[in-house]
Amino acid sequence: MLKRSHMCGELRAEHIGQSVTLNGWVNTFRDQGKGLVFIDLRDREGMTQVVFDLEDADEKVVEEAKGLRREDVVAVRGVVQKRVAGPNPKLATGEIEVMVSELEVLNKTEKPPILPDEHEAEKIAEEVRLRHRYIDLRRPRMQGILRTRHEVNRIARDYFSSHGFLEVETPCLIKTTPEGARDFIVPSRIYPGKWYALPQSPQIFKQILMVAGCDRYMQIVRCFRDEDPRADRQAEFSQIDLELSFVDRDDVMKIISGFAQRVWKEIRGVDIGEIPVMSYKEAMERYGIDRPDLRFGLEITDISDLAAKTEFRVFSEALGKETGVVKAMLVPGGAEKMSRKVTDGYNEFVKTFKAGGAPTVKYTDNGYETGIAKFVGPIEDELKQRLGLEKGDIVFFTADTWDIATKSMGELRNRVARDLDLIDQSLWKFVWVVDFPMFEYDEEAKRWVALHHPFTAPMPEEVERLESDPGGCVSAAYDLVCNGSEIAGGSIRMHRPEIQQKVFKLLGIGEAEAELKFGFLLKALRYGAPPHGGIAFGLDRLIMLLAGTENIREVIAFPKTLNGVDLMTEAPGPVDAAQLEELHVQVTASEGALVEDA
């Protein structure tokens, strides 16, 4: 085989006159009919135009060159020359071409079911591209995403190693533990009737590593969650997982901020600067969501005191509830941009988040108009001053319990920003969100549930509230948010077993159940566990942001469909009856049946 001397994206004007060898795929084939055949040869680094002079070339080379077609795999040897037709600014190698003297056809392709063309990719159904992923991955964009993922992994290993972290692998076959999602389980052949689970995260193991004196742990780890389908979710995904001993919340946030700064500087060439910190309460009050997108305004204002002065029944009924509030959001210039049809659509939109609706009012040259204008008379001046109203603005309201009114307005805020194109896509806006509630109350189950996970510690000054006021207890959790996406989340853990037991009790996990499910962790905590905390980056979501895509399947080499199917390998698939018998497993569902959640 003619072994390459350069990659197809490497050659430049300074290589003119050199003899080179290139290997790659035929990207385009053009017979100009003037004794010349042109081929764009492609590999992961780019493309180079190679030229066959049919009059001067060896007869065998000529014959083989004429037979080349898209996606054939070839090796060529020739001399780099200045591009005769003039530079091609669309190619990094656009100043040169290679005049071929030798050609070796390494593999002829059958007619490809798809072609790795960027301009054609959107026209091809995703299912077809996933079925032929080995061709789809040849696209330059996909190769670029794979490279970005590699670079982020490299930066992670370099950065955390320089900060004293050890990369430690944790098991993939573990004991099932409740972590919020369904486990994937694996039957044991040696112990009939017993099962392993695939880890939803290495949470317990990384805490045990801290007890074991590892001090600082890092792992780029695969995690598995049998969750319901969602566009930005995969059953198997990757985390950059970290844990540190003898630290507090600020220590962890400082190290992780440095990592984010380095990633964005090296990958995107952007200095994100110091990352601001915002409390959960402030995020919810101002933006209606605990992962606020700070690239645009549309801040939310509590006007409960003003609403109480009106005779609008929707407001008064909401304020009569135990945690009732009225929220308002001003949309500058929205009076002209939003028709009745549009505002009615938003009214229906917030109902999907349990709100009763989103009443509106427009502020125009004639004062307050449309919507609930007749009810704002008693507060028209105060409302104008509170919100900073100007002519041409529109105001949306939500009225319900604090939780429903705030969250539904937060969702509406994001929807309006997208619809009005208010989001500057060139910006990178980071924020740390801290001081989360430790628990939230599940009305259906009539018990407290952990807002993050059951190993999250309360802030040191909040420990007493575990018994006296669980609903008001503030946790030592922290989330890193970028452009409205949570890209990392973590917390300081409970290193004292008596506090961990109190939390289990609050969550309705009795001593026997806790011992059964977490006995090895509780036992470890009794033998000198240091204060410790950690965090995990969702690697796939991180790459999605850096690559500018909202499709998680674009950033995973071999992803599953929304329903968890690998179309290329046809997994999941049937298992031989002998294997099932050996595992002491019996299949009761009919073959090929899709089990849907009720």
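Numbers here simply count residues along the sequence, with the first being 1.
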May I ask you to test the V263-L546 pair for a side-chain heavy-atom distance under 4.5 Å? yes
What pair of heavy atoms forms the shortest contact from A260 to I275, and how long is it? CB-CD1, 4.4 Å
Under the side chain to side chain contact (heavy atoms under 4.5 Å, CB included) rule, what do Y159 and I255 come out as? Steps first, then yes or no, please. CA-CA 10 Å; Y159 178 85; I255 287 176; 4.1 Å; yes
Looking at T406 and D403, would you say the former's side chain and the latter's main chain have a donor-acceptor pair under 3.5 Å? no
Are there more than 12 heavy atoms of other residues, nucleotides or ligands under 6.0 Å from atom CD of E118? yes
How about E464 and D469: do any of their side-chain heavy atoms sit closer than 4.5 Å? no
Keeping D566 on the side-chain end and K560 on the backbone end, is there a donor-acceptor pair under 3.5 Å? no
Is E461 atom CD crowded by more than 12 heavy atoms from other residues, nucleotides or ligands, each under 6.0 Å away? yes
Are any of the side-chain heavy atoms of Q425 and R295 separated by less than 4.5 Å? yes
Working to the nearest 0.5 Å, report the span between OH of Y478 and NE2 of H452. 10.0 Å
Do D183 and Q200 come within less than 4.5 Å of each other through their side chains, counting heavy atoms only? yes
For a side chain to side chain contact (heavy atoms under 4.5 Å, CB included) check, start with the C-alpha distance between Y368 and L383, then their side-chain angles and the critical distance, and finish with the verdict. CA-CA 11 Å; Y368 292 97; L383 186 64; 3.9 Å; yes
Would you mind checking if R133 and D136 are paired as a salt bridge, meaning a charged N to carboxylate O distance below 4.0 Å? yes
Could you tell me which non-hydrogen atom of Y217 sits nearest to which non-hydrogen atom of F165, and how far apart they are? O-CD2, 3.2 Å
Just to verify, what does F504 make a ring-ring contact (aromatic ring centres under 6.0 Å, His included) with, not counting sequence neighbours? F518
Full working for side chain to side chain contact (heavy atoms under 4.5 Å, CB included) between S201 and R225: CA-CA 9 Å; S201 78; R225 293 180 186 174; 4.2 Å; yes
Enter the distance from S245:OG to Q207:CD here, rounded to the nearest 0.5 Å. 10.5 Å
D241 side chain to M218 main-chain N or O, any donor-acceptor pair under 3.5 Å? no
For the CD atom of Q239 and the CG atom of L539, what is their distance to the nearest 0.5 Å? 9.5 Å
Do the non-hydrogen side-chain atoms of M438 and R465 ever get within less than 4.5 Å of each other? no
Is there a side-chain contact between D248 and D251 (heavy atoms, below 4.5 Å)? yes
Distance check, rounded to the nearest 0.5 Å: I394 atom CD1 versus L389 atom CG? 11.0 Å
Are more than 12 heavy atoms, taken from residues, nucleotides or ligands other than K351, located less than 6.0 Å from that residue's NZ atom? yes
Close side-chain approach of Y363 and L387, heavy atoms under 4.5 Å: no
Any carboxylate oxygen within less than 4.0 angstrom of a Lys/Arg side-chain nitrogen, looking at R249 and D435? yes
List the atom of T456, the atom of S491, and the distance in Å for their closest heavy-atom pair. OG1-OG, 3.2 Å
Of Q203, Q219, R493, which meets side-chain hydrogen bond (donor to acceptor under 3.5 Å, both in side chains) against E243? R493
Indicate yes or no for a side-chain donor-acceptor contact from R553 to the backbone of P559 under 3.5 Å, with no hydrogens or angles considered. no
Looking at K321, I want to see if its NZ is surrounded by more than 12 non-hydrogen atoms of other residues, nucleotides or ligands under 6.0 Å. yes
Here the gap from I556 atom CD1 to I145 atom CD1, rounded to the nearest 0.5 Å, amounts to 11.0 Å
Does the side-chain hydrogen bond (donor to acceptor under 3.5 Å, both in side chains) test come out yes or no for D424 and S426, once each step is laid out? CA-CA 5 Å; D424 186 344; S426 68; 2.6 Å; yes
Determine yes or no for a side-chain-to-main-chain donor-acceptor pair under 3.5 angstrom, with E440 supplying the side chain and W448 the backbone. no
Fit a plane to each ring of F312 and F315, take the angle between them on a 0 to 90° scale, and name the class: parallel (under 30°), tilted (30 to 60°) or perpendicular (over 60°). perpendicular
Listed pairs under 3.5 Å, donor-acceptor, residues 276-283 side chains, sequence neighbours left out:
residue	atom	partner	partner atom	Å
S279	OG	E282	N	3.0
E282	OE2	R286	NH1	2.5

Does the pair E369/K362 count as a salt bridge with the N-to-O cut at 4.0 Å? no
Please name the pair of heavy atoms, one in R129 and one in I124, separated by the smallest distance, quoted to 0.1 Å. NE-O, 3.5 Å
Cut-off 3.5 Å, side chains only: do S304 and D302 have a donor facing an acceptor? yes
Which pairs would a plain distance check flag for residues 413-423, meaning a side-chain donor or acceptor within less than 3.5 Å of a matching protein atom at least two apart in sequence or in another chain?
residue	atom	partner	partner atom	Å
R413	NE	G297	O	3.0
R413	NE	L298	O	3.1
R413	NH1	D293	O	3.4
R413	NH2	D293	O	2.9
R413	NH2	F296	O	3.0
R413	NH2	G297	O	2.9
R415	NE	D419	OD2	3.2
D419	OD2	Y346	OH	2.7

Closest approach of I487 and C482, non-hydrogen atoms and distance? CD1-CB, 4.1 Å
Audit row: E285, W402, side chain to side chain contact (heavy atoms under 4.5 Å, CB included) steps and yes/no: CA-CA 9 Å; E285 292 288 357; W402 182 88; 3.0 Å; yes
Y287 and I300: which non-hydrogen atoms are nearest, and at how many Å? C-CD1, 3.4 Å
NZ/NE/NH1/NH2 to OD/OE distance under 4.0 Å, R291 and E486: no
E120 backbone acceptor or donor facing D117 side chain under 3.5 Å: no
Hey, does R141 have a side-chain heavy atom less than 4.5 Å from the side chain of T549? yes
Distance check, rounded to the nearest 0.5 Å: F537 atom CZ versus I240 atom CD1? 6.5 Å
Taking atom CZ of R222 as the centre, does the number of heavy atoms from other residues, nucleotides or ligands within less than 6.0 Å exceed 12? yes
Pairing of D305 and R386 as salt bridge, 4.0 angstrom limit: yes
